[in-house]
Amino acid sequence: MSVCIHTSWGDIVMEEKGGALRSCTLPTWHRAPRRPFKVTGVSSTDGVVTAKTLRDVGQFAKACFEGRAATLPSFVFPDGPAFHRKVWKALLRIPAGRTQSYGALARRIGHPRAARAVGQACGANPLPLIIPCHRVTAAHGALGGFSCGLAWKELLLDRERDGAH
DNA sequence: CTAGTCGCCGGTA
DNA sequence: TACCGGCGACTAG
């Protein structure tokens, strides 16, 4: 029922149901650990996960942390309030290697003053990595926040930027 | 550049 | 109704 991506920064757990992801949780790191980040393996926490799911998720995670464009594994679009869903949909349209500010995203979905509410929706995203809330930054270059700790956001953006050379 | 203020909006208790 | 954010724009220093 769940896939585990082992990394030097701890395990990333993706809950899966019928071959489709429903949630993704990563260990919280407010500051980056000293050791370099590395994906060390992928496994399922029980015998139920199919080999295909395992392979898809593993490849996605790899690509994700190498900054390469990755095919999304199949996932169920999360349930939630209409506004949140609107934000999450918009997130899926930000390509790897690019970022957009909370305010700009707010304008894009037709709520020009709702920058802060956009932040809320990002924080409520049940599928980080898949739904790329890390690509939303504060205006004028500041990083903004990240629910699992800013270290991840920084890592992901760095890798995507390098990968997008 | 930093620190503080103030207005903003949508979700939740 | 009140409160609280992964914000942003605007001041002062």
Side-chain angles (χ1 to χ4, degrees), chain A residues 2-17 20-39 57 60-70 72-73 75-164:
Chain A
S2 63
V3 180
C4 191
I5 299 160
H6 304 92
T7 84
S8 56
W9 285 18
D11 290 346
I12 299 172
V13 179
M14 298 197 182
E15 188 189 309
E16 168 263 356
K17 171 89 175 176
L21 300 178
R22 295 175 168 281
S23 76
C24 171
T25 57
L26 13 176
T28 299
W29 291 109
H30 293 297
R31 275 183 269 271
R34 290 274 185 263
R35 57 189 175 286
F37 177 84
K38 195 168 59 164
V39 177
V57 172
F60 170 76
K62 273 276 207 217
C64 193
F65 288 109
E66 286 166 8
R68 289 185 287 111
L72 289 179
F75 64 95
V76 270
F77 193 84
D79 223 345
F83 183 80
H84 283 188
R85 295 166 56 89
K86 213 165 179 179
V87 171
W88 298 337
K89 264 188 75 179
L91 290 177
L92 287 169
R93 304 209 296 118
I94 307 177
R98 306 266 315 154
T99 64
Q100 185 157 69
S101 73
Y102 296 94
L105 182 52
R107 290 194 294 275
R108 191 148 73 71
I109 63 175
H111 295 241
R113 310 260 158 69
R116 212 164 175 177
V118 166
Q120 261 193 189
C122 290
N125 170 21
L127 287 172
L129 303 190
I130 318 284
I131 296 175
C133 52
H134 59 276
R135 295 185 192 138
V136 189
T137 65
H140 313 306
L143 253 192
F146 197 69
S147 44
C148 311
L150 277 179
W152 288 108
K153 190 170 186 173
E154 200 172 7
L155 174 75
L156 289 163
L157 290 179
D158 280 353
R159 303 275 168 123
E160 289 190 356
R161 220 158 60 82
D162 295 343

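Labels below follow one simple rule: chain letters A, B, ... track the order of the sequence lines, proteins then strands, and each chain is numbered from 1.
The two atoms that bring A/Trp9 and A/Trp29 nearest to each other are O-NE1, 2.8 Å, heavy atoms only. Nearest heavy-atom pair, A/Ile130 versus A/Leu72, reported as atom, atom and distance to 0.1 Å: O-CD2, 3.8 Å. A/Ala106 and A/Ala115 get closest at one heavy-atom pair: CB-N, 3.8 Å. When all heavy atoms are compared, the tightest approach of A/Gly144 to A/Leu150 is O-CD2, 3.3 Å.
Across all strands, A/Gly103 comes closer than 4.0 Å only to sugar-phosphate atoms, never to a base (heavy-atom distances). Counting any heavy atom pair closer than 4.0 Å across all strands shown, A/Val136 reaches a base atom.
Not one N or O on the side chain of A/Trp88 forms a donor-acceptor pair closer than 3.5 Å with the backbone of A/Leu127. When atom types are taken as modelled, the side chain of A/Lys153 and the backbone of A/Gly145 share a donor-acceptor pair closer than 3.5 angstrom. Judged by distance alone, with hydrogens and angles left aside, the side-chain atoms of A/Arg135 form no donor-acceptor pair with the main-chain N or O of A/Leu91 at under 3.5 Å.
Within 6.0 Å of CZ in A/Arg85 there are more than 12 heavy atoms belonging to other residues, nucleotides or ligands.
Each of A/Cys122 and A/His140 was matched to the nucleotide of DNA chain C holding its nearest heavy atom; the match closer to the 5' end belongs to A/Cys122. When the nearest nucleotides of DNA chain C are assigned to A/Cys133 and A/Arg107 by heavy-atom distance, the more 5′-ward of the two goes with A/Cys133.
Contact of A/Arg116 with B/dG7 (side chain to base): a donor-acceptor pair of N or O atoms is detected under 3.5 Å.
Scanning DNA chain C 5' to 3' for nucleotides with an atom closer than 4.0 angstrom to a non-hydrogen atom of chain A gives a first and last hit of C/dC4 to C/dA9.
Note on A/His111: a side-chain N or O is less than 4.0 Å away from OP1 or OP2 of B/dG10.
Residue A/Arg113 contributes atom CZ, which lies 15 Å from atom C1' of B/dC6 at whole-angstrom precision. A/Gln120 places its CD atom 17 Å from the P atom of B/dC8, with the value rounded to the nearest Å. The OH-C1' distance, from A/Tyr102 to B/dC8, rounds to 16 Å in whole Å.
Looking at A/His134 and A/Glu160, their side chains do bring a donor and an acceptor atom within 3.5 Å of each other.
Counting only Watson-Crick and G-U wobble pairs whose two key distances fall under 3.5 Å, DNA chain B forms stems of three or more stacked pairs at B:1-7 with C:7-13, B:9-13 with C:1-5.
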